[in-house]
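Below you'll find the structure, written out as structure tokens, and then a few comments.
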Amino acid sequence: MSKGNAATTGVTGDELVRVVAALSNPHRLRVVAAVARQRNYVSRLARELGISRALLQIHLRKLESAGLVSAKLELSEDGKAMKFYETTHFDFHLTPQSIAIAAETLHIEGASDGESNQKEQL
């Protein structure tokens, strides 16, 4: 997933919120850094990062739903299914203007379009 600014790539406000939220956690930043260096499977990655596999799975799901990492099932030499993670290609260039454009497309939960715009203006 290649992302530039909202004006040129069509990044919606909702997508931008998902990405920023995913990257706002220090564990997830470490996960992205680790899989950017080398694709990896959960057990080894959890050992390298010093966190539990269960916690790592939560972080990987959040990163995957934001489109920052992807997973691929592969068979090991001994026949075990292993899920390898790697980063997707992304390149966000945030400027006040790109954020303003993306913000125009935000959908605020529980608010109608008119209410969303009114709340944003307050």
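On a predicted model such as this, the values are computed, not experimentally measured, just so you know.
Atom OG in Ser70 sits 11.0 Å away from atom CG in Leu60 (nearest 0.5 Å). Phe84 CZ to Arg39 CZ: the interatomic distance, rounded to the nearest 0.5 Å, is 5.0 Å. To the nearest 0.5 Å, atom CZ of residue Arg47 and atom OH of residue Tyr41 are 5.0 Å apart. Note: Gln57 CD to Lys62 NZ = 16.0 Å, rounded to the nearest 0.5 Å. The line from CG of Leu56 to CD of Glu48 is 10.5 Å long, rounded to the nearest 0.5 Å. In this structure, CG in Leu68 is found 10.5 Å from CZ in Arg18, a value given to the nearest 0.5 Å.
A donor-acceptor contact shorter than 3.5 Å is absent between the side chain of Thr12 and the backbone of Thr105. Side chain of Arg30 to backbone of Leu49: a donor-acceptor contact under 3.5 angstrom is found. In this structure, Thr87 contributes its side chain and Val69 its backbone to no donor-acceptor pair below 3.5 Å. Side chain of Asn40 to main chain of Tyr85: no donor-acceptor pair is present (N/O by atom type, distance under 3.5 Å, no hydrogens or angles).
Counting heavy-atom neighbours within 6.0 Å of Arg44 CZ, excluding the residue itself, gives a total above 12.
One side chain, Ser76 or Asp78, offers a donor N or O that lies under 3.5 Å from an acceptor on the other.
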- [ ] For Phe90 and Val32, run side-chain contact (heavy atoms from CB on, under 4.5 Å): C-alpha distance rounded to whole Å, both residues' side-chain angles, the deciding distance at 0.1 Å, then the answer.
- [x] CA-CA 11 Å; Phe90 59 89; Val32 170; 4.2 Å; yes
Open item on the list: Determine whether Val11 and Val19 satisfy the following criterion, side-chain contact (heavy atoms from CB on, under 4.5 Å), listing intermediate values before the conclusion.
Closed with: CA-CA 10 Å; Val11 174; Val19 168; over 6 Å; no
TODO: Evaluate the side-chain contact (heavy atoms from CB on, under 4.5 Å) criterion for residues Arg61 and His59: first the C-alpha distance (whole Å), next the side-chain angles of each, then the deciding distance (0.1 Å), finally the verdict.
DONE: CA-CA 5 Å; Arg61 275 195 294 276; His59 291 306; over 6 Å; no
Open item on the list: Could you walk me through whether Met82 and Leu73 satisfy the side-chain contact (heavy atoms from CB on, under 4.5 Å) test, starting with their C-alpha distance in whole Å, then the side-chain angles of each, then the deciding distance to 0.1 Å, before giving a yes or no?
Closed with: CA-CA 6 Å; Met82 300 175 72; Leu73 274 176; over 6 Å; no
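The two residues Arg28 and Ala22 have their closest heavy-atom pair at NE-O, 2.8 Å. The shortest non-hydrogen separation linking Leu16 to Ala102 is CD2-CB, 3.9 Å.
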